[in-house]
A.B. asks: 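Have a look at the structure that comes next, please.
We number each residue from 1, following the sequence as shown.
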Amino acid sequence: MLTSPDDLRLLVPAAAASLLLVALVVILLRRRRSERSYVARLLDREERLKLALWATGERYWDYDVASGKLHRLSTDTQTRNHAVDMTEDVIDGVDLVHPDDLPMVRQRLDAYLAGQTGNFLAEARIADGQGDWIWVRARGRAVARDADGRILHIAGTALNITGTRAAERELRISSEVLRSMNEAVAVIDRNFDFVSVNPAFLRMTGYDEGDVIGRNASLLDSLQHDAAFYQHIRDQIRKRGRWNGEIWQRRKDGEEFLCQIESSTVYDKNGELILYVTVLNDITQQKRAEQELRYLANFDTLTNLPNRSLLSERLSRAIVRAHREDNRIAVLFLDLDRFKDVNDSLGHAAGDRILRAAAARLQQTVGMHHTVARLGGDEFTVVLENLDSPEDADRVAREIIMAFEAPLLLDDRREIAISPSIGISLYPDHAHVPTELLKQADTAMYQAKAAGRRTFMRYDDAMDVAVRQRATISGALRKVLDRGELRLVFQPRLALSKARITGVEALLRWHSDEHGEIPPVDFIPMAEESGLILEIGEWVLREACLTLQRWRQHGLDHLTVSVNVSVLQLLRGDFPDVVNRVLTDIDLPPSALELELTESVLMANAEHTAAKLQAFRALGVSLAIDDFGTGYSSLAYLKRLPITTIKIDKAFIGDLTHDPEDAAITSTVITMAHSLGLNVVAEGVETDAQLRFLASQHCDEVQGFWLSPPLDAHACLAFIRNWRPVAQGSAAPSLATP
């Protein structure tokens with residue numbers, strides 16, 4: 001059926017409305033789909049944000065500047081389906097931050113709000129909600145501003161850095177420790193190329209960091225080891241993972257140094273080699289110090305000979321070898337004769353030079369294959385091995401004594417004559433242990449001293465008795481003055497030209513209530529060794545002067561008295577004052593006193609001694625050289641010494657009429673002394689023949705048993721007063737005592 005135009009006019013608006021409605025529905029549907037898509041995208045982005053925050057461990061935060069409130073988003077993982085959930089909380093920022101870190105956070109925030117920094121960045125401790133504090137690093141920027149540009153909101157993320165901060169702290173500590181270590185540390189890769197070194201390494205080797213990094217460790221190899229040695233060490237490190245030991249290394253300037261090295265390997269978590277770490281210590285000085293300590297512990301620093309400790313060790317080993325091989329060993333104990341006198345006279349510096357020269361002479365004589373040691377002072381020991389008989393030791397002892405016949409040449413080109421006394425002990429004849437062998441050799445040496453010095457003695461059991469007796473006498477000597485056991489005897493001296501007794505020599509004697517008469521040759525050396533000679537010597541001086549003063553009161557005012565003086569007294573700084581005080585106290589003129597000193601003391605250092613003797617000559621005291629001709633004379637020095645008298649030793653007088661050499665020596669001494677204006681006294685005159693010869697040579701005075709033995713004070717006074725020559729005014733041999 002056809003539709004009328006009116007109907008069409010009615011249908012058009014309806015159709016349009018329907019189309020509009022359909023269009024609206026379509027638009028609504030599209031908008032709804034679009035909204036659903038947008039929401040889905042938002043949900044997806046939110047989920048992605050959650051995943052990102054969860055994966056990085058960071059938290060999102062939003063800070064309201066005006067209120068100070070902080071909005072935090074945190075993520076959690078649900079264990080059921082591993083979904084990520086996000087929670088939000090709001091907290092006051094002041095309550096969140098640790099009080100100690102709050103001032104710093106506020107300072108950083110104020111700086112950002114003021115535009116001084118491009119973003120907000122701070123590391124601080126915050127509450128973790130479980131009563132603990134964690135370190136976080138917070139970063140943020142402005143997300144909202146007011147019309148004036150002031151920041152209203154700041155948003156950002158916060159990362160938990162507690163573990164990282166602890167690791168960084170440990171790394172900083174480790175780095176600082178490496179920088180401050182005295183030990184050099186080097187990190188080396190698997191090819192032994194340097195990766196890193198600390199400052200101590202650079203100081204030790206002299207290299208700069210740029211000189212080392214990337215170069216091989218062979219840069220430090222020393223020429224003291226070959227390449228195979230270093231390669232072996234590196235192979236050991238590769239094989240075992242570590243190595244330690246001492247090797248020589250070389251600095252940049254070529255100087256070599258001894259190094260203590262400890263190398264270890266650093267592995268990754270899979271056990272794969274990453275790097276080698278090497279710690280180096282320069283022990284050059286330490287080793288030198290150790291060597292010096294070992295040297296000081298085993299060697300004498302003055303002579304470079306083994307000391308007592310090393311001698312004992314070597315002697316012990318020698319005994320073991322001798323026992324195993326059934327050989328004989330000899331121990332020679334040497335002591336330099338009168339070294340103390342020489343040392344005190346010349347000074348300790350010269351004494352040290354003498355000891356060095358004596359040590360060299362001794363080692364040269366016995367050979368380098370025998371041990372020569374210095375025990376201390378002027379005592380030396382020689383160990384002789386593989387001896388066939390005791391006579392072999394005697395032969396070496398003779399060679400040593402003969403070697404010292406030639407003077408020692410000192411560093412200052414001065415010559416000194418000195419002799420040794422030697423004691424010998426034998427293994428296994430005398431002892432089986434080092435201490436006993438040394439003790440017995442020492443005992444034998446003292447017997448050689450007692451036998452007249454410059455000789456040797458082999459130990460026997462009887463010597464121990466003498467040693468014990470010596471110790472007993474030494475103890476008694478300390479009480480000798482308190483007990484009044486000392487006395488003086490006097491031996492007259494005759495002036496040949498005047499046929500008149502003009503003086504006496506005071507001689508010391510000791511009679512002990514316990515030990516009887518003790519010879520001066522036994523106790524005077526002990527008194528010198530102990531220092532008692534100073535006290536005893538002053539007593540002798542005073543007693544001799546008192547005796548002479550009493551004689552002078554009996555009309556014998558022409559007499560003089562001679563007193564023997566020890567080197568210790570001579571070297572005593574105030575001895576001239578002691579002499580002057582004694583003379584003053586007794587009221588004895590200085591010209592009545594003569595001091596006698598042995599030739600060895602005077603000639604040891606004539607120039608040094610001359611200065612000391614001048615003080616006595618200034619007092620007016622006469623000075624005599626006793627035992628002239630038995631020491632190491634230097635006639636050229638006689639004119640430099642303020643000596644008034646020379647006493648010819650009785651060793652030359654005894655064979656005067658039978659030995660042409662003694663006669664020639666005596667004549668020469670008299671002529672030489674007279675040419676120097678010196679008085680000459682002959683000691684030990686016992687026969688008419690001796691007297692006739694001395695008179696023919698114009699000797700000034702004689703002393704000895706021909707005239708009189710030593711007498712006590714009363715007997716000597718009577719002898720002098722009653723003595724008359726047979727022919728008055730004559731010095732003929734017929735002179736005789738009444």
A.B. asks: Does any donor atom in the side chain of Ser421 or Asp337 lie under 3.5 Å from an acceptor atom in the other side chain?
C.D. replies: yes
A.B. asks: Applying side chain to side chain contact (heavy atoms under 4.5 Å, CB included) to Val680 and Leu694, what does each step give before you reach the verdict?
C.D. replies: CA-CA 10 Å; Val680 181; Leu694 293 170; over 6 Å; no
A.B. asks: Is any side-chain heavy atom of Leu707 closer than 4.5 Å to one of Phe719?
C.D. replies: yes
A.B. asks: Looking only at heavy atoms, what is the nearest atom pair of Phe616 and Pro576, with distance?
C.D. replies: CE2-CA, 3.8 Å
A.B. asks: For Gln690, is there any backbone N or O sitting under 3.5 Å from a side-chain donor or acceptor partner on Thr687?
C.D. replies: yes
A.B. asks: Please report the shortest heavy-atom distance between Ile422 and Leu334, naming the atom on each side.
C.D. replies: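 So the two residues come closest at CG1-CG, 3.7 Å.
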A.B. asks: Do the non-hydrogen side-chain atoms of Pro420 and Ile400 ever get within less than 4.5 Å of each other?
C.D. replies: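 Yes; the side chains approach each other to less than 4.5 Å.
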A.B. asks: If I take atom CD1 from residue Ile247 and atom CZ from residue Phe257, how far apart are they, to the nearest 0.5 angstrom?
C.D. replies: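 Result: 8.5 Å between the selected atoms.
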A.B. asks: For the atom pair CD (Gln285) and CG (Leu258), what is the distance rounded to the nearest 0.5 Å?
C.D. replies: 11.0 Å
A.B. asks: Which is it for Arg294 and Glu290 under the side chain to side chain contact (heavy atoms under 4.5 Å, CB included) test, yes or no, and what are the steps along the way?
C.D. replies: CA-CA 6 Å; Arg294 283 195 296 269; Glu290 290 175 358; 3.9 Å; yes
A.B. asks: Is there a donor-acceptor pair closer than 3.5 Å between any side-chain N or O of Arg487 and the backbone N or O of Asp712?
C.D. replies: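 Absent.
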A.B. asks: With side chains defined as the heavy atoms from C-beta onward, is the minimum distance between Phe693 and Cys699 less than 4.5 Å?
C.D. replies: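 Sidechains of Cys699 and Phe693: no contact.
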A.B. asks: If you apply the rule side chain to side chain contact (heavy atoms under 4.5 Å, CB included), what do you find for Glu405 with Arg454, and how did you get there?
C.D. replies: CA-CA 10 Å; Glu405 291 292 330; Arg454 204 175 68 176; 3.9 Å; yes
A.B. asks: CD1/Ile536 to CD1/Ile524 distance, rounded to the nearest 0.5 angstrom?
C.D. replies: 8.5 Å
A.B. asks: Is it true that the side chains of Glu517 and His511 contain a donor and an acceptor less than 3.5 Å apart?
C.D. replies: yes
A.B. asks: Answer yes or no: is there a donor N or O on one side and an acceptor on the other, between the side chain of Asp659 and the main chain of Glu661, under 3.5 Å?
C.D. replies: yes
A.B. asks: Just checking His369: does its NE2 atom have more than 12 heavy atoms from other residues, nucleotides or ligands closer to it than 6.0 angstrom?
C.D. replies: yes
A.B. asks: Are any side-chain N or O atoms of Asn307 and backbone N or O atoms of Leu310, one a donor and one an acceptor, separated by less than 3.5 Å?
C.D. replies: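 Yes; at least one donor-acceptor contact below 3.5 Å.
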A.B. asks: What's the shortest heavy-atom distance between Leu623 and Pro642, and which atoms?
C.D. replies: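 It is CD1-O, 3.5 Å.
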A.B. asks: Can Arg395 and Glu391 be said to form a salt bridge (Lys or Arg N to Asp or Glu O under 4.0 Å), step by step?
C.D. replies: CA-CA 6 Å; Arg395 176 182 53 78; Glu391 287 70 24; over 6 Å; no
A.B. asks: Are any side-chain N or O atoms of Asn298 and backbone N or O atoms of Ser309, one a donor and one an acceptor, separated by less than 3.5 Å?
C.D. replies: no
A.B. asks: Are the side chain of Arg321 and the backbone of Asn386 linked by a donor-acceptor contact shorter than 3.5 Å?
C.D. replies: no
A.B. asks: Testing the 3.5 Å rule here: is there a donor-acceptor pair between the side chains of Ser562 and Glu594?
C.D. replies: yes
A.B. asks: Check whether any side-chain heavy atom of Ile319 lies under 4.5 Å from a side-chain heavy atom of Pro434, and answer yes or no.
C.D. replies: yes
A.B. asks: Nearest 0.5 Å, what's the CG-CD1 distance between Leu595 and Ile643?
C.D. replies: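 If I round to the nearest 0.5 Å, the distance is 10.0 Å.
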A.B. asks: The test is side chain to side chain contact (heavy atoms under 4.5 Å, CB included); show your working for Leu315 and Tyr427 and say whether it passes.
C.D. replies: CA-CA 10 Å; Leu315 184 53; Tyr427 169 89; over 6 Å; no
A.B. asks: So for atom CG, which belongs to Asp226, do other residues, nucleotides or ligands contribute more than 12 heavy atoms lying within a distance under 6.0 Å?
C.D. replies: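 Count over threshold, so yes.
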A.B. asks: Quick check for you: to the nearest 0.5 Å, what is the distance between Thr666 atom OG1 and Asp655 atom CG?
C.D. replies: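 Thr666 OG1 to Asp655 CG: 10.5 Å, rounded to 0.5 Å.
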A.B. asks: Heavy atoms only: give me the nearest Ala358-Leu336 pair and the separation to one decimal.
C.D. replies: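 Heavy-atom minimum between the residues: CB-CD1, 4.1 Å.
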A.B. asks: Donor-acceptor check, side chain of Glu385 to backbone of His370, threshold 3.5 angstrom: yes or no?
C.D. replies: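 Looks like no, no N/O pair under 3.5 Å.
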A.B. asks: Can any side-chain N or O of Ser312 pair as donor or acceptor with the backbone N or O of Arg308 at less than 3.5 Å?
C.D. replies: no
A.B. asks: Considering all heavy atoms of both residues, which atom of Asp300 and which atom of Thr303 are nearest to each other, and what is their separation?
C.D. replies: OD2-OG1, 2.6 Å
A.B. asks: Is there a donor-acceptor pair closer than 3.5 Å between any side-chain N or O of His430 and the backbone N or O of Leu437?
C.D. replies: no
A.B. asks: Just how far is it from atom CG of Leu494 to atom CD of Glu701, taken to the nearest 0.5 Å?
C.D. replies: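 One finds 8.0 Å between CG of Leu494 and CD of Glu701.
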A.B. asks: Taking the side chain as every heavy atom from C-beta outward, state whether Val504 and Thr547 have any atom pair closer than 4.5 Å.
C.D. replies: no
A.B. asks: Taking C-beta and beyond as the side chain, do Leu508 and Leu486 meet within less than 4.5 Å on heavy atoms?
C.D. replies: yes
A.B. asks: Between Arg361 (side chain only) and Ala403 (backbone N and O only), is there a donor and an acceptor less than 3.5 Å apart?
C.D. replies: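 A pair under 3.5 Å: yes.
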A.B. asks: Does a side-chain heavy-atom distance below 4.5 Å link Phe490 with Leu711?
C.D. replies: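 No, their side chains stay 4.5 Å or more apart.
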A.B. asks: Under a 4.5 Å cut-off applied to non-hydrogen side-chain atoms, are Phe705 and Gln491 in contact?
C.D. replies: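 SC-SC contact between Phe705 and Gln491 confirmed.
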A.B. asks: Which pair of non-hydrogen atoms, one from Val563 and one from Ala544, has the smallest distance, and what is that distance?
C.D. replies: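 Reported closest heavy-atom pair: CG2-CB, 3.7 Å.
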A.B. asks: For Glu292 and Arg288, run salt bridge (Lys or Arg N to Asp or Glu O under 4.0 Å): C-alpha distance rounded to whole Å, both residues' side-chain angles, the deciding distance at 0.1 Å, then the answer.
C.D. replies: CA-CA 6 Å; Glu292 289 177 2; Arg288 287 175 181 169; over 6 Å; no
A.B. asks: Within the 3.5 Å criterion, strictly below it, is a donor on Tyr446 or Asp335 matched to an acceptor on the partner's side chain?
C.D. replies: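 Judged by distance alone, the side chains do not pair up.
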